[in-house]
Amino acid sequence: MDADDKKTALRMIPYGLYVLAAETEDGRVTAGTVNWVTQASFEPPLVAVGVKADSAGHGIIRDAGHFALSVLGKGQRDHAFAFFKPAERDGDRIGGHVFRRGSTGAPVLADAPAAIECTLVETIEKGDHSLFLGQVVAASVQRPPSGRPDDATLVLKDLGENIFYGG
């Protein structure tokens with residue numbers, strides 16, 4: 001396989017941007033920007049999220065047994081960049097941004113246009129990323145979109161011409 005063709009072809013898959021967060025019963029917390037997210041089933045409602053296997057968040061999500069995806073909206077580039085690096089909790093803030101506790105106990109970004117909360121139902125550990133499969137148990141919309149819902153989501157190319165992940 002030609003390495004450049006593989007990289008280019010995989011980068012042609014469009015990605016939304018989300019803040020993936022979880023908290024364990026003993027208070028360990030993670031929040032990070034992710035883009036490998038997809039709906040995987042209508043009934044039951046399932047989403048799949050790719051998470052780097054050697055990241056600190058990987059173990060926290062696995063141990064917590066639940067996670068939340070806060071959908072980043074257009075105009076929230078600063079949020080995406082804030083969670084590219086490890087984020088610390090300070091009161092009700094993680095990485096300097098306000099979070100609320102979701103129904104599962106997972107942190108939900110307070111000013112995200114929408115959020116999806118899941119219980120972890122399966123983990124597939126292959127390659128350098130694991131696939132977390134979550135059953136959607138709660139969803140909220142703080143800012144209803146005016147038009148297509150997917151047009152309201154911040155996407156990877158909104159971060160700049162030279163920002164890529166994947167390939």
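In this text the structure is predicted, and so the values were computed from the model without any measurement. In this chain, residues are counted from 1 in sequence order. Atoms considered below: every heavy atom in the structure, side chains included; atoms not considered: hydrogens, waters and symmetry mates.
With contacts defined as side-chain heavy-atom distances shorter than 4.5 Å, the pair His79/Leu109 qualifies.
The nearest pair of heavy atoms linking Val108 to Gly102 is CG2-CA, 4.0 Å. His58 approaches Ser130 most closely through the heavy-atom pair NE2-OG, 2.8 Å. The shortest heavy-atom contact between Cys118 and Val47 is SG-CG2, 3.5 Å. Taking all atoms of both residues into account, the shortest heavy-atom contact from Ile61 to Phe67 is CG2-CD2, 4.1 Å.
Met1 belongs to no hydrophobic cluster, as no Ile, Leu, Val, Met, Phe, Trp or Tyr side chain comes under 4.5 Å of its own.
Salt bridge present: Arg28 and Asp63 bring a charged side-chain N and a carboxylate O closer than 4.0 Å.
Every residue meeting the side-chain contact (heavy atoms from CB on, under 4.5 Å) condition with Asp151, not counting sequence neighbours, appears here in chain and number order: Arg148. Every residue two or more places apart in sequence or in another chain that forms a side-chain contact (heavy atoms from CB on, under 4.5 Å) with Leu131 is listed here: Ala48, Ile124. Residues satisfying the side-chain contact (heavy atoms from CB on, under 4.5 Å) test with Pro45, not counting sequence neighbours, are Glu43, Val136. The salt bridge (charged side-chain N to carboxylate O under 4.0 Å, His left out) search around Asp92 returns none, not counting sequence neighbours. Residues passing the side chain to side chain donor-acceptor pair (under 3.5 Å) test with Ser55, sequence neighbours excluded: none. The ring pair (Phe, Tyr, Trp, His ring centres under 6.0 Å) test applied to His66 returns no partner, not counting sequence neighbours. With sequence neighbours excluded, no residue forms a salt bridge (charged side-chain N to carboxylate O under 4.0 Å, His left out) with Arg143. For Ala87, the side-chain contact (heavy atoms from CB on, under 4.5 Å) partners at least two apart in sequence or on another chain are Phe83, Ile94. Taking Tyr18 as the reference, nothing meets the ring pair (Phe, Tyr, Trp, His ring centres under 6.0 Å) condition, with sequence neighbours excluded. Listed by chain and residue number, Lys52 satisfy the side chain to side chain donor-acceptor pair (under 3.5 Å) test with Asp54 (two or more places apart in sequence, or in another chain).
Contacts classified as salt bridge (charged side-chain N to carboxylate O under 4.0 Å, His left out) and involving residues 97-110 (residues at least two apart or in different chains) are given here: Glu23-Arg101.
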>> side-chain contact (heavy atoms from CB on, under 4.5 Å) for Arg93 and Phe99? Distances and angles first, verdict last.
In response: CA-CA 6 Å; Arg93 294 178 178 268; Phe99 279 78; over 6 Å; no
> Step by step, would you call Gln142 with Asp111 a side-chain contact (heavy atoms from CB on, under 4.5 Å)?
Replying inline: CA-CA 8 Å; Gln142 283 74 257; Asp111 63 349; over 6 Å; no
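Considering Val49, Leu17, Leu20 in turn, Val49 is the only one that fulfils the side-chain contact (heavy atoms from CB on, under 4.5 Å) rule with Val37.
In this structure, Thr38 contributes its side chain and Ala40 its backbone to no donor-acceptor pair below 3.5 Å.
Remark: the Asp78 side chain and the His97 side chain contain no N/O donor-acceptor pair separated by less than 3.5 Å.
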